[in-house]
Amino acid sequence: MSELKAVDTLRRRAPRIQPRVAVVLGSGWGALTEHVREPVCIPYSELDGFPQVGVAGHGGMLCLGHIGGTPVAVMSGRKHSYESGAVDGMKVPLRVLYALGCSVLVQTNAAGSLRSDMPAHSFMLLSDHINLPQRSPLVGEAGSERFVSMVDAYDPGLREVARECAQQRGLKLHEGVYAWAFGPQFETPAEIRMMQQLGADAVGMSTVPETILARHAGLRVLALSLMTNMGAGLSGEQLSHAHTLAQAQAIGGVASELLAAIIGRIQVAG
Ligand code: HPA
């Protein structure tokens, strides 16, 4: 069981840190690691079962430490479905963090906006998602727990904490539905119009598989998107990964300040 080995490694390397909140950093959110006090950082390559992450702009490091009074495990870099076609690339890391004591998963990503009132550099709290590929990282799991409810997948109490933090900082925090696109190609304008009609507010290539895995494990989930562009065909801009990263970087400082404030306010028992 690679999970047990990685748990063992982390307990040995950071014996005094018992993380309660797991964080996954997507494009634009990387500066959060600067808010981790006395971090112990371990490359994924030293953690059994952790993914090789090869996308520009996504690291491959787990940092344990504290943000405010909250003990955290921060993952810089995630495995995306478009890298290999597999959707369970984050299964082992999330199970390791659960075994270490995490009961909350905070996810972040960069996304394309489907709403004209939510331009690039806007923030959106996920209220729900649409699993457009209809793929699940739980395929092959045994037991009745695999039939996990996805109602309130994004925890109402944690969303309230996020809203309060944004309000205190005078930041507009939109709330809406995230559509998962398998990628790696961007969407066609027709697909974007379809997503709008289906009730999605933003589109991105991550987050949903991890939310499913986390709910299966019993973790509460909070997720935040940072808009880097309007969806294909909604503006004249040319979409590319470089454009996404540049836009994400431009607002990354504000994003990580907000995220650090939210994480510092999350209450976890134990
Ligand atoms: N589509 C999909 N994923 C994205 C986008 C987009 O427009 N922008 C950032 N991630």
Side-chain angles (χ1 to χ4, degrees), residues 23-32 53-59 75-87 89-90 106-135 137 154 173-212 223-256 258-259:
V23 186
V24 178
L25 298 180
S27 305
W29 299 88
L32 182 81
V53 287
V55 188
H58 298 276
M75 292 186 71
S76 296
R78 53 153 65 89
K79 193 76 178 170
H80 296 88
S81 53
Y82 57 71
E83 291 173 65
S84 68
V87 297
M90 294 292 281
V106 177
Q107 295 215 64
T108 59
N109 60 50
S113 171
L114 305 181
R115 274 172 38 189
S116 57
D117 69 334
M118 204 164 65
H121 298 183
S122 300
F123 296 108
M124 188 186 92
L125 191 56
L126 273 66
S127 56
D128 204 344
H129 71 227
I130 299 176
N131 178 347
L132 278 175
Q134 281 294 292
R135 295 279 304 274
Y154 300 93
L173 184 57
H174 296 267
E175 202 154 343
V177 175
Y178 175 93
W180 174 33
F182 202 88
Q185 75 286 350
F186 284 102
E187 300 70 38
T188 63
E191 286 166 346
I192 291 292
R193 290 194 297 276
M194 174 195 74
M195 290 177 197
Q196 288 175 316
Q197 291 202 8
L198 290 178
D201 300 290
V203 56
M205 302 178 196
S206 68
T207 304
V208 167
E210 293 98 316
T211 296
I212 296 170
L224 290 157
S225 290
L226 154 56
M227 299 307 135
T228 52
N229 56 279
M230 295 306 294
L234 297 181
S235 80
E237 71 200 315
Q238 192 67 34
L239 300 187
S240 68
H241 190 54
H243 179 72
T244 299
L245 291 183
Q247 293 299 314
Q249 199 122 56
I251 190 75
V254 179
S256 56
L258 170 65
L259 187 57

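Numbering of ligands and ligand atoms starts at 1, following listing order. Here, residue 1 is the first one in the sequence, and each next residue gets the next number. Basis for what follows: all heavy atoms, side chains included, without hydrogens, waters or symmetry-related copies. Small disclaimer: the values here were computed from a predicted structure and weren't measured.
With hydrogens and angles disregarded, no donor-acceptor distance shorter than 3.5 Å links the side chain of Y82 to the backbone of A181.
For ligand 1, the 4.0 Å heavy-atom shell contains residues A110, A111, G112, F186, E187, V203, G204, M205, T228, N229, T244.
Summarising the geometry, atom CD1 belonging to I192 is positioned 9.0 Å from atom CE belonging to M230; distances are rounded to the nearest 0.5 Å. The distance from the CE atom of M227 to the CD1 atom of I251 is 12.0 Å, given to the nearest 0.5 Å.
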(request) Please assess T207 against R78 for the test side-chain contact (heavy atoms from CB on, under 4.5 Å), listing each intermediate value before the final yes or no. (result) CA-CA 9 Å; T207 304; R78 53 153 65 89; 3.5 Å; yes
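The two atoms that bring A31 and G252 nearest to each other are CB-O, 4.5 Å, heavy atoms only.
A side chain to side chain contact (heavy atoms under 4.5 Å, CB included) with N229 holds for exactly one of Q238, H243, H121; it is H243.
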